Visitor: 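Have a look at this one.
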Amino acid sequence: MKICSLSSGSKGNSLFIESEHTRVLVDIGLSARQITQRLQSVSVEADSIDAIVLTHSHNDHISGAGVFSRQNGTPIYGHPETLDDLLRYLRGREPLVPWENTFQIKDLRFTPFRVSHDAFPTVGYLISDGSKTIAVCTDTGCVTPEIEEHLAQAGFIVLESNHDPDMLMDGPYPWDLKERIASRVGHLSNRDAGSLLQRLLNGRIEKVLLAHLSDENNTPQLARDTVLELVGARYEDLIDVVGQKIVSPVYRF
Ligand SMILES: [Zn+2]
Ligand SMILES: [Zn+2]
């Protein structure tokens, strides 16, 4: 499979995943024009995308969905309530595919699992082509047993490492926003991401992308250092950070 982060962070998220027969975007939180350009930069045409799969209805995950779907006829998959929230971006001619549980898009199988966030519902996904499994888990204020069980099944993990708690508390955000981010239904700290990975890394996981970093309350270096401190320097080659402005390398897995 191929994996490429087109954008990751509070100003917009979109992850491109390709298997032998299928191309999907997990979330589409930039404009359709920006997503089309970023796909072109990795030699993928927008109209070759088979589906958009949404994790939840916050703007930074859905804002490009309507226009992209209308331009390319791309079906949008999501929990029924996520698709209801999305209606404000739609004109009524976009193909919507509500899921209730595990679902299949061509040769890719999607298993949603609940995460702990303040949009209801918010999910992560296990995405499998039958031989390999990718886990996508961002926008969660804490690590639950359900999250840990699912991530333990993956060989490639995209995991939120949103903030450093000290930078958040000393930073410029108003108090209620600080509280929201730090809460159990907010965003995952570097340290919480690191201690989860400490329990998960066991030789079977080939790659971890630290994702959804805060621009204000984190730096790529700090996220990576904090996680490596917990998991051990021997995992240095395994941990990468993806960001807001730059399209990541295309990872093969
Ligand atoms: Zn988000
Ligand atoms: Zn969110």
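Atoms within a ligand are numbered from 1 in the order they appear, just like the ligands themselves. Here the structure is a predicted model, which means the values were calculated and not measured.
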Visitor: Of Ile52, Val97, Leu25, which is the lone residue that meets side chain to side chain contact (heavy atoms under 4.5 Å, CB included) with Ile76?
Guide: Ile52
Visitor: State the atom name: nearest N, O or S atom of Asp60 to the Zn ion (ligand 1).
Guide: OD2
Visitor: State, yes or no, whether a side-chain contact exists between Phe110 and Thr102 at a heavy-atom distance under 4.5 Å.
Guide: no
Visitor: Below 2.8 Å, can you find an N, O or S atom of His61 next to the Zn ion (ligand 2)?
Guide: no
Visitor: Please confirm if an N, O or S atom belonging to His187, backbone or side chain, lies less than 2.8 Å from the Zn ion (ligand 1).
Guide: no
Visitor: Report yes or no: does His58 have an N/O/S atom closer than 2.8 Å to the Zn ion (ligand 2)?
Guide: yes
Visitor: Do NZ/NE/NH1/NH2 and the carboxylate oxygens of Arg191 and Asp164 come within less than 4.0 Å?
Guide: no
Visitor: Out of His58, His61, His163, which residue meets the ring-ring contact (aromatic ring centres under 6.0 Å, His included) rule with His212?
Guide: His61
Visitor: Do any N/O/S atoms of Asp139 come under 2.8 Å of the Zn ion (ligand 2)?
Guide: yes
Visitor: Hey, would you say the Tyr77 and Phe103 ring centroids sit under 6.0 Å apart?
Guide: yes
